[in-house]
Amino acid sequence: MRVIVVGAGVAGLVTAVQLAERGASVDVVDRGAYLGAASCSWFAGGMLAPWCEAESAEPAVTHLGQMALDWWPAHIAGTVALGTLVVAPPRDTAELSRFSKRTTDFEWLDQDAVARLEPDLDGRFRKALFFPQEAHLDPRRALVALAARLEQMGVRISFDRDVSIPDLDADRIVDCRGFAAAADLPDLRGVKGEMVVIRTHEIKLHRPIRMLHPRIPLYIVPRQDGLFMIGATSIESADRSRITARSMIELLSAAYALHPAFGEAEVVEIGTDVRPAFPDNLPAIRRDGKIVRLNGLYRHGFLLSPAFARMAADAVFEETDGADRVER
Ligand SMILES: Cc1cc2nc3c(=O)[nH]c(=O)nc-3n(C[C@H](O)[C@H](O)[C@H](O)COP(=O)(O)OP(=O)(O)OC[C@H]3O[C@@H](n4cnc5c(N)ncnc54)[C@H](O)[C@@H]3O)c2cc1C
């Protein structure tokens, strides 16, 4: 089985790994000049938070997302399994109760328990929710590690290749072009996400912190070398051009509300991109002859790609067996 995977974002790379593990001969092509150059996945927070996501997502996200907690550590180094902490500014503590009613698998923490988990937040929050089974990773390191793993498995990744899918010659084509596939998927829409990366050595966090807010809930994810990713807005727009002043203010205010030390942090990067989403905000696998399309990963590219790549690989192999099943 010769398969070409189009797109070296998280969907394409995770699918390529699973196809190669199942014995396919795989090539990956991407139109970017290098890994991450043109992919939404480069801007993700990297939270693997199936239970927190239940606050606003379908139950399938919690159910299928749990596969990510095993898949990522089994395939790359650097997944940090220290849970997620959810806090709210003192005037918005009602948001914590609301969040708790929509989610499961958490513990209520008091101020001392918060300080035991995150000593630098000592005295800042009287109550918090802790989701101990969740994890996070650095998406950029994860993509680089997946690419290296693919290389070891004999899979070639070619960059600078803006391909036309009907022109490709292989037994199967897996279309993982993200929002660039919108012309072939009329119900795919773009949801703009904006993020900021800051650096400070004045504060240390061990896990993602979600900061609840009635309008704009945000999160801060610690990375190596004093870096913190602050994300992410969610705006119904396919304009990936630049961050708005309002979003920048909201993102930096969330960090400052978490700890004033962030006020002195250096702004290292501002990023925007467009998440691909279907109307129900769930990913889908669609098959069209020898083409299998995996798209619509929305806010859950790292969380859901292990489960949906498996379904995409099933679709690739099932067609050979004559079966005609397309799964969500
Ligand atoms: C700010 C932000 C924060 C996020 N945080 C999280 C998070 O914490 N956890 C999480 O799970 N998800 C998160 N997401 C969502 C996640 O990033 C997306 O769901 C995911 O990146 C979608 O991956 P993809 O592989 O489908 O698309 P992409 O990453 O966009 O990859 C598509 C690839 O296809 C290539 N391509 C397109 N057209 C062609 C062509 N014609 N020929 C060749 N190559 C082509 C592109 O170059 C690109 O590399 C976040 C997103 C944003 C924007």
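As the structure lists them, so they are numbered: ligands from 1, and atoms in each ligand from 1.
Among protein heavy atoms, atom 35 (C) of ligand 1 sits closest to Asp30 OD2, 3.3 Å. Looking at atom 5 (N) of ligand 1, its nearest protein heavy atom turns out to be Gly45 N, 2.9 Å. Closest to atom 45 (C) of ligand 1, if we only count protein heavy atoms, is Arg31 CG, 3.6 Å. For atom 10 (C) of ligand 1, the nearest non-hydrogen atom of the protein is Arg299 O, 3.2 Å. The nearest protein atom to atom 1 (C) of ligand 1, hydrogens excluded, is given as Phe43 O, 3.5 Å; this is a heavy-atom distance. Nearest protein heavy-atom contact of atom 9 (N) of ligand 1 is Met47 O, 3.4 Å. The single protein non-hydrogen atom nearest to atom 31 (O) of ligand 1 is Gly9 CA, 3.4 Å, given as residue, atom name and distance.
Ion pairing between a basic and an acidic side chain is recognised when a charged N comes within 4.0 Å of a carboxylate O; Arg210 and Glu134 show no such pairing.
The aromatic ring centres of Phe130 and Phe106 sit 6.0 Å or more apart.
In this structure, Arg275 forms no cation-pi arrangement with Phe43, as its terminal cationic atom is not both closer than 6.0 Å to the ring centre and no more than 45° off the ring axis.
Among the atoms of Ala180, none of the N or O lies under 3.5 angstrom from an N or O of ligand 1.
Using 4.0 Å as the threshold, Tyr219 has a heavy atom nearer than that to some atom of ligand 1.
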